[in-house]
Number of protein chains: 2
Amino acid sequence: MADPHPAVLMFVAQRHVEKQVLEHLWERGYDDLTLAQGRIAARLGEHGSRLTELAEAAQVTKQSAGYLVDQLERAGYVERRPDPTDARARLVCLSDRGRAVQQEARTVERRIAREWSRHLGAERYRELGAMLAELREITDPWWGGPSS
Amino acid sequence: MADPHPAVLMFVAQRHVEKQVLEHLWERGYDDLTLAQGRIAARLGEHGSRLTELAEAAQVTKQSAGYLVDQLERAGYVERRPDPTDARARLVCLSDRGRAVQQEARTVERRIAREWSRHLGAERYRELGAMLAELREITDPWWGGPSS
DNA sequence: ACAATGTCGTCAGTCTATCTGACCATTAAT
DNA sequence: ATTAATGGTCAGATAGACTGACGACATTGT
């Protein structure tokens, strides 16, 4: 078989991470979370994010993002607060329960990062991260460079 | 913002490629293809693939894969033939129309590969591919090594 | 000041993609 | 020969995604 395109390999690796994280969370009792909800929640900033930002980051329409945030809110993972700087907007913030989940998720991500680093070698793993960050400059239309 | 996990960056890059390919195909008149159908079609081997293989490669259930193959078949991109080596199985094969689409898709993939190679440098781009292939060994449960 | 235009988010409606569970046919293992 | 495993389909349910339209507020320019 010919060399698969890097994107195909990224698909495999990325899905593996999502799956590992989600399964870990399910085992820990957060078994009402779905993959789509997780993709939204994973992109929440510490100080809260606007719906439109979340939608762009997760590559879905704002309607879809709103639907998922509704569910996360009903399940108690996030809450919506008015944005003090813009009365049209609302900030989606993690609740305490949400923060606990995020900690769990990050634990798994760190574990996987260690596995990858061990498998590739620490130096090459760092180089992988650097290259992916550079690719973002030409693949992510909403990416404004290191400053954002 | 802290360094995002490599998987997040892979998500962005991989989605970008899917989107570019699909938009190109739409422009070329193959505007009945959906993303999900494309994910299945992209994983079809030259000599045909079994439904179960496709499902595993695309990370969906065999029912979902069957549903999508039905659509691809109705649209004339693939055909199902009996598998001569196993009477339970059928092989999903590209039709002429399907092969034409695959050529178009590969053209875009090659263009993107060149862009990435230019952006990262040829040597680093090769190294990226090598690392992703190595990661597959620990992230893809259906991967049997270079022999498959 | 105010009109025009743009952005944030929601409502309504639709349809695709996905899942679970059950099932049949065939193959492989004991 | 049974029994278990594998390849695939059928049926039903639902999540998740889209388009389009809209109301509320913000920004910009005159």
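Every chain is numbered from 1 and lettered A, B, ... according to where its sequence line falls, protein lines coming before strand lines.
One can place CZ of A:R39 at 13 Å from C1' of C:dA17, the figure rounded to the nearest angstrom. A:D83 places its CG atom 17 Å from the C1' atom of C:dT10, with the value rounded to the nearest Å. Regarding B:R50, its CZ atom lies at a distance of 11 Å from the C1' atom of D:dG8, rounded to whole Å. Whole-Å rounding puts the A:R90 CZ to D:dG23 C1' distance at 14 Å. A straight line from CG of A:L35 to P of C:dT18 spans 11 Å, rounded to a whole angstrom. Counting to the nearest Å, the P atom of D:dA24 and the CG atom of A:L51 are 18 Å from each other. One atom, CG of A:D32, and another, P of D:dG16, lie 12 Å apart when rounded to the nearest Å. Going from atom NZ of B:K62 over to atom P of C:dC19 covers 13 Å, rounded to whole Å.
A cation-pi geometry, defined here as NZ or CZ lying under 6.0 Å from the six-membered ring centre and within 45° of its normal, holds between B:R43 and A:F11.
For A:R88 against C:dT7, a side-chain-to-base donor-acceptor contact under 3.5 Å is present. Side-chain atoms of B:Q63 and base atoms of D:dG12 include no donor and acceptor less than 3.5 Å apart.
Using a 4.0 Å cut-off between charged nitrogen and carboxylate oxygen, A:E18 and A:R39 count as a salt-bridge pair. Ion pairing of B:E79 with B:R81 is present here, as a side-chain N (NZ or NE/NH1/NH2) and a carboxylate O approach within less than 4.0 Å. Remark: A:E123 engages A:R126 in a salt bridge, criterion side-chain N to carboxylate O under 4.0 Å.
For the pair A:T61 and A:D86, both in contact range of DNA chain D, the more 5′-proximal nearest nucleotide belongs to A:T61. Comparing B:E53 and A:Y67 along DNA chain D, the residue whose closest nucleotide (by nearest heavy atom) sits nearer the 5' end is B:E53.
The A:T52 side chain lies nearest to C:dC8 when the options are C:dT26, D:dA17, C:dC8.
Contact between the side-chain N/O atoms of B:Q71 and the OP1/OP2 oxygens of C:dA17 is found at a separation under 4.0 Å. Side-chain N/O atoms of B:S64 include one lying less than 4.0 angstrom from OP1 or OP2 on C:dC19.
The aromatic ring centroids of B:W116 and A:H5 lie less than 6.0 Å from each other.
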